[in-house]
*Asks:* 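A single structure is presented below for examination.
Just so it is clear: chains get the letters A, B, ... in the order the sequence lines come, proteins before strands, and each one is counted from 1.
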Protein chains: 2
Amino acid sequence: MKTNEKRSDCPISSSLDIFGDKWSLLIVRDLMLHKTRTYGDFTKAKEKIATNILANRLQVLEEQGIIIKLPYPDNKVKGLYKLSKKGVDLIPAVIEIALWGSSHLSDTDESSPFIEEVKKNKVKFLKKIMDKLMADDVA
Amino acid sequence: MKTNEKRSDCPISSSLDIFGDKWSLLIVRDLMLHKTRTYGDFTKAKEKIATNILANRLQVLEEQGIIIKLPYPDNKVKGLYKLSKKGVDLIPAVIEIALWGSSHLSDTDESSPFIEEVKKNKVKFLKKIMDKLMADDVA
DNA sequence: TAATATTGCTTGCATTTTGAAAGTAAATAT
DNA sequence: ATATTTACTTTCAAAATGCAAGCAATATTA
């Protein structure tokens, strides 16, 4: 993976240079909805990411300062991944993608609890979830 | 390209199944900023998309109902691509990505005229650009 | 304490996607 | 009538993806 090549100075293009793939934003999604996750938690997500891809995406997202890896309390094998401030700031984009999918794609999980809440009051939901994720010492 | 395989019922995952790559949203970007574009216009964008990839993405986006191909007036060779309603509805997501890139990535084109306008008043900008794109008979 | 299981990866290899370059057919311009 | 433009398609090498197995460092269980 060549993560250091920018195709242009366009902020959209440069963003997609980092997370323009089918997996990166799903990692952000899982961290957004669960606050922290271990490596094993990610592998248990229903989309079934391959472990080599997961390891690569976690590394890229960490290099880019979007996620942070912390030690797991009282366990030297496990690690805890969480969103950084830069990662939390990606949530509005992820939410817009979720809203689009939920209103334009069939057979998507419309009844997902967070989608309903977002539709009811997007600003309130965003504030709530971003505040929660930023609550503890985020870099 | 297998565009018909859904990894899960999650609206984020299903959205990324369609446009989770480095090019699709750049096509949406160009249509958002220029209203309509020909095939040749897309190839002239600064990111230099390969023509085989462009042809494939245009086909997928059309199949998915995100873009519409219209005949070019008085010319049987050219075509005109434009966003459908479903495509216009992707603009909020694209804008959030642009805002994120613009505030978190260095060397992005901060001074791009539309980014400044979005930062000044996002809701107003969105309304203006979406209204404009929806003005003429959008499917 | 010794054997077993868990965790977070890495490796090998086949398949799929991407990307650069060249090619092509239809239509338009000269 | 010839040259050029337009919108692709084809070819082939390189890179990314995905599946399965492997592995070393803990942690748990007997």
*Asks:* Between B:N56 (CG) and D:dT11 (P), how many Å, whole number?
*Replies:*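 After rounding, the gap between these two atoms is 17 Å.
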
*Asks:* Whole angstroms only, please: what is the CG-C1' distance between A:D74 and D:dT28?
*Replies:*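 It works out to 15 Å between those atoms.
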
*Asks:* Distance check: side-chain N/O of A:K44 vs OP1/OP2 of C:dT7, anything under 4.0 Å?
*Replies:*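 For C:dT7, OP1/OP2 do not have a side-chain N/O of A:K44 under 4.0 Å.
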
*Asks:* Side chain of A:I53, heavy atoms from C-beta onward: which of C:dG8, C:dT10, D:dG18 has the nearest atom to it?
*Replies:*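 Nearest nucleotide to the side chain: D:dG18.
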
*Asks:* Can you tell me which nucleotide in C:dT28, C:dT18, C:dA20 comes closest to the side chain of B:A50?
*Replies:*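 Closest nucleotide among those given: C:dA20.
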
*Asks:* Quick one: which of D:dC8, D:dG18, C:dG8 gets closest to the side chain of A:T38?
*Replies:*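 In terms of side-chain proximity for A:T38, the closest of D:dC8, D:dG18, C:dG8 is C:dG8.
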
*Asks:* Mind checking A:Y81 for me? I need base, sugar-phosphate or nothing, with any heavy atom below 4.0 Å counting as a touch.
*Replies:*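 Counting heavy atoms under 4.0 Å across all strands, the contact made by A:Y81 is with sugar-phosphate only.
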
*Asks:* Keeping A:K132 on the side-chain end and A:K35 on the backbone end, is there a donor-acceptor pair under 3.5 Å?
*Replies:*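 Not a single qualifying donor-acceptor pair exists.
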
*Asks:* Measuring from the side chain of A:N52 (C-beta onward, heavy atoms only), which nucleotide among D:dT11, C:dG12, C:dT28 has the closest atom?
*Replies:*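 For the A:N52 side chain, the nearest candidate turns out to be C:dG12.
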
*Asks:* Rounded to the nearest Å, what distance is computed from the CD atom of residue A:Q59 to the C1' atom of nucleotide D:dA16?
*Replies:*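 In whole Å, D:dA16 C1' and A:Q59 CD are 15 Å from each other.
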
*Asks:* Taking the basic N atoms (NZ, or NE/NH1/NH2) and the acidic carboxylate oxygens, is any pair closer than 4.0 Å for A:K128 and A:E117?
*Replies:*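 Result for this pair is yes, salt bridge flagged.
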
*Asks:* Taking B:W100 for its side chain and A:P11 for its backbone only, find out whether a donor-acceptor pair lies under 3.5 Å.
*Replies:*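 No.
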
*Asks:* In whole Å, what is the span from the CD atom of B:E62 to the P atom of D:dA7?
*Replies:*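 In whole Å, D:dA7 P and B:E62 CD are 14 Å from each other.
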
*Asks:* Classify the side-chain pair A:S102/A:K119 by whether it contains a donor and acceptor separated by less than 3.5 Å.
*Replies:*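 Yes.
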
*Asks:* Among the nucleotides D:dA7, D:dC8, C:dG8, which one has an atom lying closest to any side-chain atom of A:V77?
*Replies:*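 The listed nucleotide nearest to A:V77's side chain is C:dG8.
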
*Asks:* Give a yes/no answer on whether the side chain of B:W23 brings an N or O atom under 4.0 Å of OP1 or OP2 in C:dT18.
*Replies:*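 Result: no.
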
*Asks:* Using a cut-off of less than 4.0 Å, is there contact between a side-chain N or O of A:K78 and OP1 or OP2 of D:dT28?
*Replies:*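 Looking at the OP1 and OP2 atoms of D:dT28, neither is under 4.0 Å from any side-chain N or O of A:K78.
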
*Asks:* Rounded to whole Å, please give me the gap between CD in B:E5 and P in C:dT15.
*Replies:*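 Rounding to the nearest Å, CD of B:E5 and P of C:dT15 are 16 Å apart.
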
*Asks:* Give a yes or no on whether the backbone of B:G79 and the side-chain of B:T38 come within a donor-acceptor separation of less than 3.5 Å.
*Replies:*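 No: the side chain of B:T38 does not pair with the backbone of B:G79.
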
*Asks:* Is the closest side-chain heavy-atom distance between A:E96 and A:K122 below 4.5 Å?
*Replies:*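 A side-chain contact exists here, since the closest heavy-atom pair is under 4.5 Å.
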
*Asks:* Could you state the atom-to-atom distance from CG of B:L58 to P of D:dA7 in whole Å?
*Replies:*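 About 10 Å, once rounded to whole Å.
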
*Asks:* Given atom NZ of B:K76 and atom P of C:dA29, what is their separation to the nearest angstrom?
*Replies:*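 Whole-Å distance recorded here is 12 Å.
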
*Asks:* Output the single nucleotide from D:dT17, C:dC9, C:dT11 whose closest atom is nearest the side chain of A:R57.
*Replies:*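 Among D:dT17, C:dC9, C:dT11, the one nearest the side chain of A:R57 is D:dT17.
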
*Asks:* For the side chain of A:D21, counting heavy atoms from C-beta on, which of D:dC8, D:dT17, D:dT6 is nearest?
*Replies:*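 Looking only at heavy atoms from C-beta outward on A:D21, the closest nucleotide is D:dT17.
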
*Asks:* In whole angstrom, give the distance that lies between atom OH of A:Y72 and atom C1' of C:dT6.
*Replies:*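 Nearest whole value for this atom pair: 12 Å.
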
*Asks:* Specify the residue among A:N75 and A:I49 whose closest nucleotide of DNA chain D lies further upstream toward the 5′ end.
*Replies:*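 In this pair, the answer is A:I49.
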
*Asks:* Is there, by distance only and without an angle test, a donor paired with an acceptor across the side chain of A:T51 and the base of C:dT10 below 3.5 Å?
*Replies:*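 Yes, the side chain and the base share a sub-3.5 Å donor-acceptor pair.
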
